[in-house]
There are 2 protein chains.
Amino acid sequence: MNTPQPPRKDPVDAIIEQWAKVRPDLDTAAMEVFGRIHRISRAMADRSEKAYGALGLGRGEFDVLATLRRSGAPYTLSPRQLSATLMLTTGGMTGRLDKLERAGLLRRSPDPHDRRALRVTLTEEGLALVDRAVGAGLAAQTETLSAALGPERAAQLADLLRELLFTAETAER
Amino acid sequence: MNTPQPPRKDPVDAIIEQWAKVRPDLDTAAMEVFGRIHRISRAMADRSEKAYGALGLGRGEFDVLATLRRSGAPYTLSPRQLSATLMLTTGGMTGRLDKLERAGLLRRSPDPHDRRALRVTLTEEGLALVDRAVGAGLAAQTETLSAALGPERAAQLADLLRELLFTAETAER
DNA sequence: TGGAAATAGCTTAGCACTAAGCAACTTAAC
DNA sequence: GTTAAGTTGCTTAGTGCTAAGCTATTTCCA
């Protein structure tokens with residue numbers, strides 16, 4: 001399964017070759033990394049979405065439930081905390097919460113200490129569903145990763161990505 | 001700039017720690033890779049968008065122009081080729097082409113050999129603009145990459161990503 | 001050669017998001 | 001204690017996508 005592959009050509013290599021023909025002056029080294037990251041991200045989003053989809057959840061809804069789940073008992077956060085964590089505007093969050101509340105997966109209740117604010121809490125159904133969804137999503141990821149790389153190279157990849165993430169998310173000048 | 005970093009904790013490490021507290025049974029190793037890939041992809045999309053944005057282009061428009069540009073002279077493709085390359089429905093492509101044609105960056109003309117089909121061609125303005133935009137986008141990527149990793153580790157990262165991309169884009173069973 | 005199937009690009013309806021702005025409320029400043 | 005400033009969640013308008021369906025045209029093949 002995980003013997004180091006002979007270096008095959010992938011779709012990103014093909015794009016880079018095309019650029020080399022028409023714009024040989026360009027330095028395309030960064031595409032080798034970011035072009036692939038973009039495509040992997042998109043492909044894995046599709047795979048995960050398929051895993052939750054079987055449970056009737058979209059990616060956005062899953063993200064809300066998972067954020068509540070991993071906050072621990074009593075599975076309660078404010079809409080603001082959720083939209084900040086998920087890098088979503090408050091308008092977008094209102095829509096997600098509406099849908100999830102209608103599906104009975106969470107509950108909105110007034111915050112007892114601040115009458116402007118709300119508390120969003122997972123219901124029992126929501127808790128049970130998200131536990132299954134997290135398992136399914138993670139299984140899809142694990143399967144893909146271990147089919148591509150052994151544990152050692154996967155760990156090496158994770159380290160390189162960690163350093164790149166720091167820089168990428170640092171406020172641009 | 002590129003001395004191997006002391007292992008700092010990043011946002012993905014924090015999320016994984018949270019899961020470990022509330023669901024210690026989960027195998028979260030794959031998140032180390034795909035969680036970071038997702039976040040880097042998002043962060044870099046924002047950065048690139050900012051680079052083209054200065055030229056009045058959104059990411060979607062840029063992608064269309066760049067695909068035409070790297071196809072080489074005479075910078076002509078069909079709407080179908082474009083939507084297939086960019087993994088976009090034909091409806092979405094119609095909208096992008098409308099906007100770009102209105103801006104004078106490309107032209108639609110009938111295909112002489114197939115009366116169902118069109119040919120989409122970059123105008124001179126479109127060609128000049130996309131050449132500037134590609135330079136700007138690539139500069140933003142190059143800057144981020146070289147601030148995070150030296151050339152050697154960047155190449156190593158590219159190789160690991162290539163293998164992961166093969167598996168991620170392979171049709172799921 | 002004629003008819004069925006496939007393909008091209010467009011249209012429409014629906015969805016999920018952002019940006020901007022709102023009223024209600026809380027906090028800070030003096 | 002009053003006023004100014006900030007925060008919260010929601011609403012609205014606008015954007016860009018998908019899915020499904022349409023017409024016109026081409027290709028396949030019996």
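Bear in mind the structure is a predicted one, so any value in this text is a computation, not a measurement.
For A:Leu97 and D:dT11, the CG to P distance is 12 Å, given to the nearest whole Å. Summarising the geometry, the separation between CZ on B:Arg59 and C1' on D:dT15 is reported as 17 Å, rounded to the nearest angstrom. The CG atom of A:Asp46 sits 14 Å away from the C1' atom of D:dC17 (whole-angstrom rounding).
A pairwise comparison of heavy atoms in B:Leu164 and A:Ala148 identifies CD1-CB, 3.8 Å as the closest pair.
Contact of the B:Leu127 side chain with the B:Arg69 side chain is registered, since non-hydrogen atoms from C-beta on lie closer than 4.5 Å. The shortest side-chain heavy-atom distance between B:Leu26 and A:Val134 falls under the 4.5 Å cut-off.
Taken from CG in B:Leu106 to CZ in B:Arg96, the straight-line distance is 12.0 Å, to the nearest 0.5 Å. For the atom pair CD (A:Glu163) and CG (A:Leu165), the distance works out to 11.0 Å, reported to the nearest 0.5 Å.
The ring pair (Phe, Tyr, Trp, His ring centres under 6.0 Å) analysis of residues 90-132 of chain A, with sequence neighbours excluded, yields no pairs. Under the ring pair (Phe, Tyr, Trp, His ring centres under 6.0 Å) criterion, the residue pairs touching residues 55-89 of chain B are B:Tyr52-B:Phe62, with sequence neighbours excluded.
For A:Thr121, the side-chain hydrogen bond (donor to acceptor under 3.5 Å, both in side chains) partners are A:Thr76, not counting sequence neighbours.
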Reading nucleotides 15-23 of chain C from 5' to 3' and marking B where a protein heavy atom lies under 4.0 Å of the base, S where only the sugar-phosphate is that close, and - otherwise, the string is -SSB-----
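Screening A:His38, A:Arg39, A:Arg42, A:Arg36 against B:Ser41 for a side chain to side chain contact (heavy atoms under 4.5 Å, CB included) leaves a single residue, A:His38. Across B:Val64, B:Asp63, B:Leu129, a single residue satisfies side chain to side chain contact (heavy atoms under 4.5 Å, CB included) together with B:Leu57, and that is B:Leu129.
Listed by residue number, the members of residues 102-122 of chain A with any heavy atom below 4.0 angstrom from DNA chain C are A:Asp114, A:Arg115, A:Arg116. Listed by residue number, the members of residues 75-83 of chain A with any heavy atom below 4.0 angstrom from DNA chain D are A:Ser78, A:Pro79, A:Arg80.
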